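Right, one structure below, let's go through it.
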Amino acid sequence: MPKQSTNMSGLQCLAAENIWFDKQRYDEAERRFYEGVNGPSTPQQQSSSHGGDQELVSRMKSLELENQTLHKVVENMRAALQKLESRVAMLEKSPASAAVPCAKAAPVQAVKQVKVENGGDDDDDLDLFGSDEEDEEAARIKQERVEAYTAKKAKKPTLIAKSSILLDVKPWDDETDMAKLEECVRSVQMDGLLWGASKLVPVGYGIKKLQINCVVEDDKVGTDILEEEITKFEDFVQSVDVAAFNKI
């Protein structure tokens, strides 16, 4: 009985060893099974898969480099922005009046620096502020313009103030010669006086007054002097009144 059990154990061991001896056959069967499911894997597919991995690695490296570059740009912009903010804060704190003298003084300092760099021998050649001849020329041009303006203004006719006066000249009675009275009135002549139209206007009881128009220059002739000159003809004129006075 023990001999039989020993023989059975040996057969079992031999059967197990036969399975591993056929491992290649089982592997081939497993490969065929997966090829039936997914299709056979050709060398071209393996090559394309390897190439895809290489491309993916290259793109990842490129993205990393680009990311590093963007980080540097952002840092530079951040530093520039901080400098700008600091400068703006300093300008806001400093008074505006202090900046103006500095701006005005800068050109003077630049001029002094140019003169020092050029040396004493080049002062005659470098004319920074203009020569005396240029000053004289500018003064001459300015004087000519002033004279031309003055002459033009003198030629322009000045506006003369004038007035239109309507006078009522009354006789003594109805027997007064009105033609002679008008002749006397018009005989009054003076600079700035121009007689105009006239007419006889009934007053009452057969009496008529002379209504005569004249134009006078205000600076030369007034109503007072007109009344004074006309009333000198006392044989014909009783009174003189201003019926209307209008500025022209």
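As the structure is a computational prediction, the values presented were derived from the model and not from experiment.
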Problem - K209 side, atom NZ; L200 side, atom CG - distance, nearest 0.5 Å - result: 11.0 Å
Fill in the blank from the handout: So CG of L210 and CZ of R186: to nearest 0.5 Å the spacing works out to 8.0 Å
Problem - Side-chain H-bond candidate by donor/acceptor type, S164 with N213, under 3.5 Å - result: yes
Exercise for the section: Look up atom CD in E55 and atom CE in M60, then write down how far apart they are to the nearest 0.5 Å. Expected result: 13.0 Å
I'd like a table of donor-acceptor pairs (distance under 3.5 Å, sequence neighbours excluded) in which one partner is a side-chain atom from residues 223-230, with atom names and distances.
| residue | atom | partner | partner atom | Å |
| --- | --- | --- | --- | --- |
| E229 | OE1 | K232 | NZ | 3.4 |
| E229 | OE2 | K232 | NZ | 3.2 |

Exercise for the section: Given side chain to side chain contact (heavy atoms under 4.5 Å, CB included), test V201 with K199 step by step and report yes or no. Expected result: CA-CA 6 Å; V201 179; K199 65 179 180 178; 4.0 Å; yes
Practice task
Quick one: closest heavy-atom pair of G196 and I212, and the distance?
Solution key: O-CG1, 4.4 Å
Handout entry: L81 side, atom CG; L84 side, atom CG - distance, nearest 0.5 Å
Key = 6.5 Å
Practice task
Report yes or no: do V237 and I207 belong to one cluster of Ile/Leu/Val/Met/Phe/Trp/Tyr joined by side chain heavy-atom distances under 4.5 Å?
Solution key: no
Exercise for the section: Return yes if some donor-acceptor pair links the side-chain N/O of N76 with the main-chain N/O of K72 below 3.5 Å, else return no. Expected result: yes
Exercise for the section: Decide side chain to side chain contact (heavy atoms under 4.5 Å, CB included) for D173 and T176; before the verdict, give the C-alpha distance in whole Å, the side-chain angles of both, and the deciding distance to 0.1 Å. Expected result: CA-CA 6 Å; D173 50 32; T176 302; 3.2 Å; yes
Practice task
Flag yes if more than 12 heavy atoms outside E144 fall under 6.0 Å of its CD atom; otherwise flag no.
Solution key: yes
Problem - Expected output: side-chain S62 to main-chain R59 donor-acceptor under 3.5 Å - result: no
Practice task
Please report the closest heavy-atom contact between W195 and Q189, naming both atoms and the distance.
Solution key: CD1-NE2, 3.8 Å
Donor-acceptor list for residues 239-248 side chains, cut-off 3.5 Å, not counting sequence neighbours:
| residue | atom | partner | partner atom | Å |
| --- | --- | --- | --- | --- |
| K247 | NZ | D218 | OD2 | 2.5 |

Exercise for the section: Please assess V169 against F233 for the test side chain to side chain contact (heavy atoms under 4.5 Å, CB included), listing each intermediate value before the final yes or no. Expected result: CA-CA 11 Å; V169 183; F233 303 99; over 6 Å; no
Exercise for the section: May I ask whether V216 and M190 are part of the same hydrophobic cluster, defined by side-chain heavy atoms of I, L, V, M, F, W, Y residues being less than 4.5 angstrom apart, directly or through others? Expected result: yes
Problem - From Q143 atom CD to R140 atom CZ, the distance as rounded to the nearest 0.5 Å - result: 11.0 Å
Exercise for the section: Go through the side-chain N and O atoms of Q68 and E64 and say whether any donor and acceptor fall under 3.5 Å apart. Expected result: no
Exercise for the section: Given side chain to side chain contact (heavy atoms under 4.5 Å, CB included), test F236 with M178 step by step and report yes or no. Expected result: CA-CA 8 Å; F236 300 95; M178 298 304 294; over 6 Å; no
Handout entry: Donor-acceptor side-chain pairing of E182 and S198 below 3.5 angstrom
Key = yes
Problem - Connected via hydrophobic side-chain network under 4.5 Å: L193 and V185 - result: yes
Problem - Main-chain N/O of A138 paired to D135 side chain as donor or acceptor, under 3.5 Å - result: no
